Undergrad: 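Take a look at the following structure, please.
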Amino acid sequence: MEDFKLMKGNEAIAHAAIRCGADGYFGYPITPQSEVMETLMDLKPWETTGMVVLQAESEVAAINMVYGGAGCGKKVMTSSSSPGMSLKQEGISYIACAELPCLIVNVMRGGPGLGTIQPSQADYFQSVKGGGHGDYRLIVLAPSTVQEMADFVGLGFDLAFKYQNPAMILADGIVGQMMEKVVLPPFKPRRTEEEVRQECPWGTTGKLPNRKRNIITSLALEAEVMENINLKLQAKYREIEKNEVRFETHHCEDADYVLVAFGSIARICEKAMEMAREEGYKVGVLRPITLFPFPTNPIKELSKKVKGFLTVEMSAGQMVEDVRLTVNGAVPVEFYGRMGGIVPSAEEILAALKEKLIK
Amino acid sequence: MTTKDIINPANLVYSKAKLMTENPMHYCPGCSHGVVHKLIAEVIEEMDIQDKTIGVAPVGCAVFAYNYIDIDWQEAAHGRAPALATAIKRLQPDKFVFTYQGDGDLAAIGTAETIHACNRGENIAIFFVNNAIYGMTGGQMAPTTLEGMKTATCPMGRNTELNGYPLKISNLLAELDGTCYVTRQSVQKMASIVRAKKAIRKAFENSMAGKGTSVVEFVSTCNSGWKMSPHDSNKWMEENMFPVYPLGDLKDTEKK
Amino acid sequence: MAKFKGAVVVNTERCKGCDLCVQACPSHVLGLADQVNSKGYHFSEMKHEDDCVGCSACGYVCPDACITVYKVKIQ
C-alpha cells in the first residue's frame, strides 16, 4: 500500500526537495510560502543528506545564492511569493543567461504592490514571459494538487538540468496552504562530488589540470557574441516547446465549450464543468500543466471543433492572451477572473460561461 | 658581466605569476587593480590551491577579473558577490572562495550582501578595492568618495550635506562578530605590496581554518577617474586617502 | 659587502607605459622608450642598465605583470 501523508503543499515541496537529492535551499520568509523553509529547518537535512538550508537576508541575496550554487553544478532552489519574486527577477535573468539549472518556487499572492496574502495567479506574465530584463524564458510548471507540488520538485530539477535552464513551480496560495494527502517521492541520494563534475563539466568545482578554467558569466560586450548567446537561448526554448508541453483534459472529446485554467482554479472549473453537464451543456476543461511551454497545439486542435473557450484565472486576464493568440480568432475566447485574493466559485464560473458564451 | 649574461633563468628573481593568463588586462595604464590581481595570483600559486580556489568577480572595473587569473570564476550581479560566495563555500566547504569587489559594488549596491555575509561569518575572503570612485561607468561619485572630491556626479566636490560622508565600510565590518580579520592595505610601493600580499595569504588561510570572514581593503587609485598621472595619483592617495582610510589591521582575532 | 647586478626585461607589448616602474626604480635605471608598441604606448625600457641592482621594485609595482627581473651576486 502506498504511504499517504497529510500535509500542506508548501510542506510537500520541502519534503520532496530533500528526497530528490537537492544540495541547497536559500530563502527568505514571506507569506504564504514560509512553511517551505520552516519545514526544511525542522527536518534538518544537513544532518542526514548533507543538504544546505540557509535563511538569506533578502530575496535578492537568496536568488544570488542560488546563482552561486547553481554555478557549481549543484541542485539548488529557492522559494518565495509574489513581492519576493519581483526582487528575484534580476538574479533569474542572470541565471537564465548563464544557462544554469535551478528550481524556483513562487506561491502567488495578490498584488500589485504589497497586495494581500490571499491567493492569486497574477504573476503569469512575470513567470512565462521572462520577468526580468532581456529575452529569456523559464520552464514553468503549474501544480493543482499537493501531490503535484511534491512531484514537480523532482520534475522541475530534471527539466532544469536537462536544458540547463531555471525551472519554476508556479503555485497559487491555495495549493501552497491547502492540506491534502500526498505520496512523497522515494529518497534519492545527493550526487557525489565526482558525479557533479561529470554531470556538470562547466561547473566551478575547482580548475583541475585536465581542463580549462570554468567561467560562469552572463556578460558579452561584443554585439555579435551577445546575439549568438541569444540565438542559442532561443533555439533551446524552441526545443523545450517541442518536447516538454504538459497538459490535462477532462471531457474535451465531445465538448462544445472548453474552460481553460491552471493550478487550483482548474479544479474549480472541473466542478463547474460537472454542474454544466448536469444541465445538459457539453463542457470540457483543459488544464495547462506547463505554462511555458504553453500547450498551443492541443488548444489549436480543440478550436477546430468547439464553439468557444472561457479562460478562468485569479487575475485580470493574463493567460487568456496566450489562449487568444493560439485560437487566433477561430472561435470566441472569453475571460472570467477575480482579483485581490478572491477565489471564483464554480457557480460564478458557470454563470460566466452561460453569459459570455452559451447565451 | 653584461646584461645579456644576467638574463638567464638561473638568475630569475621576479616574474609574472604562472597563474596570470597571457590576456592583456583591460585596465587603464597604472591602475591598482592589476597589482592586486597579481598578488592574488601569486598567493594562490604559492599555496598551490589553483584546483581548490573559486573567485567571484564583481560588476565594475574588475568585471573581467576572470580573464586574468587561471582559476574557476563566477561573475556576479552588481553587489551580489558575497551572496554567490556564501553558497559556493557552503556547498563546497573544501574550496577557497573569495570575492573581488570595488567600492560601488561592495559599499553601495551590495551593502546588505556584504554586511550579512560578514555577519554570518562566511568562511570566505573578501578583497575590496577602494579607489573612491566608479571607474567603469566613467568616474561617478562612490560611497567612499572623499569630502570635497570632484567626480562626474559631484562636479563641485562631494558635499556632505547633499551626499553624506565617505563610508568607512571596513570599520563597520570590523565591528561584526562574524569577521575574524579586517585590514586596510595599499599597493603603491614595494613595501606596501609585500604587506598586502601577506594580508591576502592570511585571508585565504583564515577561510580554510573556519575562523570567519576576512576582509582586505586595498586603498587604491583611479588615475583616469581622478584625472591625474598614475604617479601623481599615488601621491594624492597618500596625502588625501590615507588620512580618511588609514592603513593597518582594523581587526585580527588572532591577536587578542 | 656583496654587490648585486640586475637586469630587467619588459614585455613591451603588454606594457602600457604607465611610468610607475620608472618612478619606483631607486637607481633610475628605467625610462619610457621613444618608440611605441602596437597599442601606441611608450613602453618602459632600461636606459641605464649598468645601474640595475635587481631589487625588483619595478616588477612589484607593475600593474600589468610585464616585468621580469634577473639578479646576480658579484664580488
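All values derive from a computational prediction rather than experimental measurement. Naming: A, B, ... by sequence-line order, numbering from 1 per chain. Values below: all heavy atoms of this structure, side chains included; hydrogens, waters and symmetry mates excluded.
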Undergrad: In terms of heavy-atom pairs under 4.5 Å, which option from A:V60, A:L221, A:D23, A:T205 contacts chain B the most?
TA: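 Top option by heavy-atom pairs under 4.5 Å: A:T205.
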Undergrad: Between A:R213 and B:I71, is any pair of side-chain heavy atoms under 4.5 Å apart?
TA: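 With C-beta onward as the side chain, the pair stays apart.
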Undergrad: Report, by ascending residue number, the residues of residues 45-62 of chain B in heavy-atom contact with chain A at a distance under 4.5 Å; give 'none' if the set is empty.
TA: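 Against chain A, the residues of residues 45-62 of chain B that fall inside the cut-off (heavy atoms, under 4.5 Å) are B:Q50, B:D51, B:I54.
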Undergrad: Between A:V196 and chain B, which part of the residue has a heavy atom less than 4.5 Å away: side chain, backbone, both or neither?
TA: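 Neither the backbone nor the side chain of A:V196 comes within 4.5 Å of chain B.
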Undergrad: Picking from A:G71, A:G50, A:A70, which has the most non-hydrogen pairs under 4.5 angstrom with chain B?
TA: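 That would be A:G71.
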Undergrad: Does the side chain of B:R90 come within less than 4.5 Å of A:M65's, by heavy atoms?
TA: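 A:M65 does not reach B:R90 side chain to side chain.
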Undergrad: State, to 0.1 Å, how close A:G68 and B:Q74 come at their nearest heavy-atom pair, and which atoms those are.
TA: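 Reported closest heavy-atom pair: O-NE2, 3.0 Å.
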Undergrad: Under a 4.5 Å cutoff for heavy-atom pairs, which residue among B:A87, B:A81, B:G79 has the most contacts with chain A?
TA: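 Heavy-atom pair counts peak at B:A87.
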Undergrad: Under 4.5 Å heavy-atom distance to chain B, tell me which part of A:Y67 shows up: side chain, backbone, both or neither.
TA: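 Answer is both: backbone and side chain atoms of A:Y67 are under 4.5 Å from chain B.
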Undergrad: Within residues 107-128 of chain B, which positions have a heavy-atom distance to chain A below 4.5 Å?
TA: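 Near chain A, by residue number: B:A112, B:E113, B:H116, B:R120, B:E122.
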Undergrad: For a 4.5 angstrom cut-off between non-hydrogen side-chain atoms, does A:I216 reach B:W73?
TA: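 They are not in contact (no side-chain heavy atoms under 4.5 Å apart), so the answer is no.
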Undergrad: If you draw a 6.0 Å radius around CG in A:L43, do more than 12 non-hydrogen atoms from other residues or ligands fall strictly inside?
TA: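 Check passes, neighbour count above 12.
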Undergrad: Does any non-hydrogen side-chain atom of A:C72 lie less than 4.5 Å from one of B:L91?
TA: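 The answer is no, as the side chains (C-beta and beyond) never meet within the 4.5 Å cut-off.
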Undergrad: At a 4.5 Å cut-off on heavy atoms, which part of A:S93 comes close to chain B: side chain, backbone, both, or neither?
TA: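 Nothing of A:S93, per the 4.5 Å heavy-atom cut-off to chain B.
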Undergrad: Tell me whether the count of non-hydrogen atoms from other residues, nucleotides or ligands lying under 6.0 Å of CG in B:N23 goes above 12.
TA: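 Atom CG in B:N23 is crowded, with more than 12 foreign heavy atoms closer than 6.0 Å.
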Undergrad: CG of A:N228: more than 12 outside heavy atoms within 6.0 angstrom?
TA: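 Result for CG/A:N228: enclosed.
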Undergrad: With a 4.5 angstrom heavy-atom cut-off, could you sort out which part of B:A76 is near chain A: side chain, backbone, both or neither?
TA: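 It is the backbone, since no side chain atom gets that close.
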Undergrad: Under a 4.5 Å heavy-atom cut-off, does chain B meet the side chain of A:L54, its backbone, both or neither?
TA: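 Only the side chain of A:L54 comes within 4.5 Å of chain B.
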Undergrad: Around atom NZ of A:K129, are there more than 12 heavy atoms from other residues, nucleotides or ligands closer than 6.0 Å?
TA: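 Yes, enclosed.
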Undergrad: Looking at B:Y66 and A:N214, would you say the former's side chain and the latter's main chain have a donor-acceptor pair under 3.5 Å?
TA: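 No.
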Undergrad: Check whether any side-chain heavy atom of A:R211 lies under 4.5 Å from a side-chain heavy atom of B:D72, and answer yes or no.
TA: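 In contact.
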Undergrad: Please name the pair of heavy atoms, one in B:A83 and one in A:A61, separated by the smallest distance, quoted to 0.1 Å.
TA: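 In this case the closest contact between B:A83 and A:A61 is CB-O, 3.6 Å.
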Undergrad: Non-hydrogen atoms of chain A under 4.5 Å away: do they reach the side chain of B:F64, the backbone, both or neither?
TA: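 Side chain only.
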Undergrad: Within a strict 4.5 Å, meaning less than it, do heavy atoms of the A:I215 and B:E75 side chains meet?
TA: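 Not touching, per the 4.5 Å side-chain cut-off.
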Undergrad: Let's test your reading of the structure: which of B:K89, B:K95, B:H78, B:R80 forms the most heavy-atom pairs below 4.5 Å with chain A?
TA: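 Max contact count across the listed options: B:R80.
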